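Along the sequence shown, the residues carry numbers beginning at 1. Given the structure is predicted, the values throughout are model-derived calculations rather than measurements.
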Amino acid sequence: MLKTHTTKCPWGVALLGGLLLAACGKSDSPSTPAIEWTCQAPSTTEAPEYLEQVGCETDFQALASEPIDSTLPGARSVKVVLDTADDNALYFQNSTRYQIHYQFASTHLSGNGLPIVPALASFNASEYYSPERRFILGTVTYYEGPRLWALELSPYDTASAAMITTLFQKVKGSAFFGSELVFHPTSAAVEVEARRLPSDIPIKSTDDIYAAIDYQPLTLASGIGRLRFVKAADLEDEYLSYQDLAVLDEAPNDISVVQGLITQEFQTPLSHVNVLSANRHTPNMGLRGAMTNATLRALEGKLVRLTVGSTAWSVHEVSEAEAQAFWDAHKPAPVTLPALDLTVKELVDIEDVTPETGSLRDDIKKSVQAFGGKAAHYSILARTPSVPLLKAFAIPVYFYDQFMRQNGFYEQLDAMVADPSFATDPAVRDAKLDALRTAMKKAPLDADFQARLKAKLDQDYPGQSMRFRTSTNSEDLDGFPCAGCYDSHTGDPAKGWEDVLSAIRKTYASAWALRTFEERTYYGIDHKSVGMALLVHHNFPDEEANGVAVTSNPFDATGLDPAFYVNVQYGGDAEVVSPPVGVTSDQFLSFFSQPNQPVTYFAHSNLVPSGTTVLTATQVHQLGVALDAIHKRFSPAYGPAAGNTGWYAMDVEFKFDDDANPGQPPTLYIKQARPYPGRGQ
């Protein structure tokens with residue numbers, strides 16, 4: 001028999017161990033006697049397999065785990081199983097030991113007088129989708145930010161309102177937090193069914209919960225640096241060191257190497273600064289009110305250690321000796337870029353850029369040497385069924401090297417680096433690099449190259465405005481992906497040939513931006529080893545939607561809850577990964593591999609009418625087909641098919657555009673795909 005412990009709580013709210021004991025002792029009215037709940041878990045070091053009641057915070061903690069899907073941070077979850085074959089018996093399962101419902105049900109609720117639990121595939125098909133199911137499955141999650149207890153179903157669960165009601169009432173009557181319990185719909189489909197629930201079941205939307213959360217963990221890591229407060233708009237004039245930890249009002253599009261990042265405005269996990277943080281293995285988090293946070297302000301200008309965890313963050317002061325030891329230990333090993341292949345001197349149609357001769361990974365690496373990472377991956381996409389993209393060609397790195405040599409820019413760079421003040425003064429570096437970029441934007445391009453390019457455009461792209469996109473040997477790579485390091489530009493022959501040449505020169509010049517230069521310096525890269533090829537295709541300036549996606553669920557490190565994560569924005573004016581202040585985008589998980597392919601939205605664009613979404617259900621499906629094809633196509637290079645047993649995903653940029661077929665629904669185009677680094681830790 002279980003040993004019990006009586007827990008009594010005062011009227012109102014008690015906070016113990018970070019969990020809100022909202023229902024303990026609380027009744028429907030002050031005149032009703034308080035309910036006295038009793039802890040059920042034995043007072044031993046080993047947590048129980050399950051409990052039939054949760055009588056106190058200790059019980060919940062003993063069973064709880066971080067949820068598989070940590071889309072909403074600061075949460076702890078306990079999975080629940082209601083067995084209709086056993087008089088609606090309810091079980092709060094040990095959710096650390098049994099990560100999914102099937103593991104618990106097949107262990108404890110199969111045989112011995114109960115029906116046999118079938119194999120996993122049959123269990124999933126019946127218990128999440130069948131109206132004749134034996135089990136009603138859910139999860140109780142405590143959200144620390146809004147101090148909320150919520151009953152949830154899997155996003156793809158098709159349980160009826162009657163089933164949800166049965167489970168809700170059973171959980172409510174079996175737990176100390178029952179009177180505070182709400183129902184949280186986890187997908188659009190579940191939300192539709194939730195509208196049929198009785199009026200006495202309170203409902204909280206994902207938007208409601210997200211708005212009440214003040215902490216957003218992005219890259220999980222620790223870093224030591226000098227804490228500095230800077231406005232994102234001032235970063236062009238404020239020079240940050242790799243020994244700094246930055247607190248910003250909002251997420252910038254780029255930031256030089258720092259030891260950690262805190263932004264007052266929440267970020268999208270696919271923002272450039274978060275991808276950079278993941279690449280650098282430096283902590284990154286959102287914190288509402290960060291610029292005025294008393295704990296942070298008290299440490300301004302001091303050396304501190306910042307730790308970003310999945311449910312909490314911490315910061316404390318450290319000594320100079322500790323800081324120096326940390327920097328020495330975490331300085332990245334020097335990165336050697338792939339050697340440039342200057343033997344390719346032709347403009348090459350994209351299908352021919354990355355021939356497949358054996359190992360896909362090796363074929364991509366070889367192609368990068370002549371055409372850079374973006375074009376090398378785009379070439380694979382061009383030969384992948386179900387992946388729509390624009391007709392394109394590549395200008396090899398040979399012509400960038402030719403441009404640099406013919407105009408003496410390598411010698412100019414040598415002179416800059418030899419200047420002692422260039423190495424020690426960031427303002428001097430900024431000014432001299434700006435002078436180099438200015439000179440590059442005015443320098444001539446080789447006449448023979450111009451003739452070849454003009455002939456190519458006239459023959460294959462007559463009258464089309466063209467996008468010249470950076471594709472270097474120093475991006476989309478292991479060890480130095482350098483997301484957002486370089487800038488692409490558009491040239492329109494209809495505006496004159498000089499407009500095309502100007503676009504190419506400006507794109508080449510972006511290799512020498514200060515932030516990019518600092519990034520390469522931190523990683524010990526020989527700057528003259530950088531080579532820039534160009535991926536060239538027709539430019540659609542007024543797309544109806546633009547977005548980024550990850551082909552696995554970035555909130556699920558276990559792989560047990562697969563989904564595609566998507567950020568998408570209406571039109572092309574608002575940058576989706578670094579939007580203007582006050583602009584939000586649609587953010588959702590698409591459970592593409594599940595029946596009915598449910599979608600869970602946890603943020604919505606404020607550029608479309610309230611209650612609508614940027615993409616239609618048909619467009620979400622079209623995107624899912626392409627993402628699924630991309631994920632599988634690159635698995636032999638980066639994923640399980642290559643022997644990778646860790647978390648794997650591709651980072652994909654896309655757009656929907658109707659310029660090619662005015663009057664028709666916008667068409668999906670994939671813009672690029674590259675390996676995604678994950679969340680850190």
Does either side chain, that of Asn274 or that of Thr219, offer a donor lying less than 3.5 Å from an acceptor on the other one?
yes
Ignoring hydrogens, what is the shortest heavy-atom contact between Val614 and Ala545? Give both atom names and the distance.
CG1-CB, 3.8 Å
To the closest 0.5 Å, what do you measure between OG (Ser590) and CG (Asp628)?
10.0 Å
So Asp244 and Ser241, side-chain hydrogen bond (donor to acceptor under 3.5 Å, both in side chains) or not? Walk me through it.
CA-CA 5 Å; Asp244 289 333; Ser241 161; 4.7 Å; no
With no hydrogens and no angle check, is any side-chain donor or acceptor of Ser222 less than 3.5 Å from a backbone partner on Thr307?
no
Working note: Gln672 + Asp651, criterion side-chain hydrogen bond (donor to acceptor under 3.5 Å, both in side chains); need CA distance, chi angles, decisive distance, verdict.
CA-CA 8 Å; Gln672 77 175 69; Asp651 179 355; over 6 Å; no
Can you tell me how far the CZ atom of Phe229 sits from the CG atom of Leu248, to the nearest 0.5 Å?
10.0 Å
Report the residues that fulfil side-chain hydrogen bond (donor to acceptor under 3.5 Å, both in side chains) with Ser154, sequence neighbours left out, ordered by chain and then residue number.
none
For the pair Trp149 and Phe60, name the ring-plane relationship: parallel under 30°, tilted 30 to 60°, perpendicular over 60°.
perpendicular
His604/Phe588 under ring pair (Phe, Tyr, Trp, His ring centres under 6.0 Å): CA gap, chis, key distance, verdict
CA-CA 9 Å; His604 291 280; Phe588 62 85; 9.3 Å; no
In chain order, what residues pass the ring-ring contact (aromatic ring centres under 6.0 Å, His included) check against Tyr410, with sequence neighbours excluded?
none
Given side chains that start at C-beta, do those of Leu340 and Tyr400 come closer than 4.5 Å, heavy atoms only?
no
Looking at residues at least two apart in the chain, or sitting in another chain, which of them share a salt bridge (Lys or Arg N to Asp or Glu O under 4.0 Å) with Arg305?
none
Would you check if Arg76 and Gln61 make a side-chain contact, meaning some heavy-atom pair closer than 4.5 Å?
yes
Taking Glu250's backbone N and O only, do any of them form a donor-acceptor pair with Thr263's side chain (distance below 3.5 Å, no angle check)?
no
4.5 Å side-chain heavy-atom contact, Lys671 and Arg469:
yes
By side-chain hydrogen bond (donor to acceptor under 3.5 Å, both in side chains) - contacts of Asp214 (at least two apart):
none
For Ala563, give me all partners under side chain to side chain contact (heavy atoms under 4.5 Å, CB included), at least two apart in sequence or on another chain.
Asn553, Leu589, Phe591
Which heavy-atom pair separates Pro283 from Ala221 by the least distance, and what is that distance?
CB-O, 3.4 Å
Is the shortest heavy-atom distance from the side chain of Met416 to the side chain of Arg429 under 4.5 Å?
no
How far apart are the C-alpha atoms of Asn546 and Tyr570, what are their side-chain angles, what is the distance that settles it, and do they pass the side-chain hydrogen bond (donor to acceptor under 3.5 Å, both in side chains) test?
CA-CA 7 Å; Asn546 71 99; Tyr570 172 76; over 6 Å; no
So, does Thr424 use its side chain to make a donor-acceptor pair with the main chain of Pro420 at under 3.5 Å?
yes
Centroid-to-centroid, Phe564 to His631, below 6.0 Å?
no
Carboxylate-amine/guanidinium contact Asp234 Lys231, below 4.0 Å:
no
Scanning both residues in full, the closest heavy-atom pair of Ala376 with Ser367 reads CB-OG, 3.5 Å
Who pairs with His527 by ring-ring contact (aromatic ring centres under 6.0 Å, His included), at least two apart in sequence or on another chain?
Phe517
Residue list, side chain to side chain contact (heavy atoms under 4.5 Å, CB included) with Asn606, at least two apart or on another chain:
Val583, Thr584
Stepwise, does the side chain to side chain contact (heavy atoms under 4.5 Å, CB included) test hold for Ile670 with Leu381?
CA-CA 8 Å; Ile670 300 300; Leu381 293 174; 4.0 Å; yes
Which heavy-atom pair separates Leu245 from Gln259 by the least distance, and what is that distance?
CD2-C, 3.5 Å
List for me each residue that meets ring-ring contact (aromatic ring centres under 6.0 Å, His included) alongside Phe654, sequence neighbours excluded, and say none if there are none.
none
Is the closest side-chain heavy-atom distance between Tyr98 and Lys79 below 4.5 Å?
no
Do the side chains of Tyr486 and Thr516 get nearer than 4.5 Å, heavy atoms only?
yes
Please set out all donor-acceptor pairs under 3.5 angstrom arising from side-chain atoms of residues 325-334, sequence neighbours excluded.
| residue | atom | partner | partner atom | Å |
| --- | --- | --- | --- | --- |
| Trp327 | NE1 | Ile224 | O | 2.8 |
| Asp328 | OD1 | Gln324 | NE2 | 3.0 |
| His330 | ND1 | Phe326 | O | 2.9 |

Closest contact, heavy atoms only, Asn284 versus Val308:
O-CG1, 3.8 Å
Those residues that, when tested against Asp414, pass salt bridge (Lys or Arg N to Asp or Glu O under 4.0 Å) (two or more places apart)
Lys528
With Glu152, which of Thr141, Thr186, Thr139 fulfils side chain to side chain donor-acceptor pair (under 3.5 Å)?
Thr141
Let me see the working for Asp419 and Ser421 under side-chain hydrogen bond (donor to acceptor under 3.5 Å, both in side chains), right down to the final yes or no.
CA-CA 6 Å; Asp419 180 355; Ser421 64; 2.9 Å; yes
Quick one, Leu261 with Val273, criterion side chain to side chain contact (heavy atoms under 4.5 Å, CB included). Give me CA distance, side-chain angles, the key distance, then yes/no.
CA-CA 9 Å; Leu261 183 63; Val273 292; 4.1 Å; yes
Taking only residues two or more places apart in sequence, or in another chain, which ones meet Arg280 in a side-chain hydrogen bond (donor to acceptor under 3.5 Å, both in side chains)?
Glu519
Please tell me if the side chains of His377 and Pro675 come closer than 4.5 Å, counting only heavy atoms from C-beta onward.
yes
Given side chain to side chain contact (heavy atoms under 4.5 Å, CB included), test Tyr215 with Glu144 step by step and report yes or no.
CA-CA 10 Å; Tyr215 170 56; Glu144 192 166 333; over 6 Å; no
Closest non-hydrogen contact found for Leu535 with Ser471 is N-CB, 4.4 Å
Is a donor from one side chain sitting under 3.5 angstrom from an acceptor on the other, for Tyr239 and Asp430?
yes
Below 30° counts as parallel, above 60° as perpendicular, anything between as tilted: where do the rings of Phe266 and Tyr210 land?
perpendicular
List the steps and the verdict of side chain to side chain contact (heavy atoms under 4.5 Å, CB included) for Gln369 and Asn473.
CA-CA 6 Å; Gln369 294 180 279; Asn473 65 333; over 6 Å; no
Taking C-beta and beyond as the side chain, do Leu276 and Arg515 meet within less than 4.5 Å on heavy atoms?
yes
Residues which pass ring-ring contact (aromatic ring centres under 6.0 Å, His included) with Tyr522, listed by chain and number, not counting sequence neighbours:
Tyr242
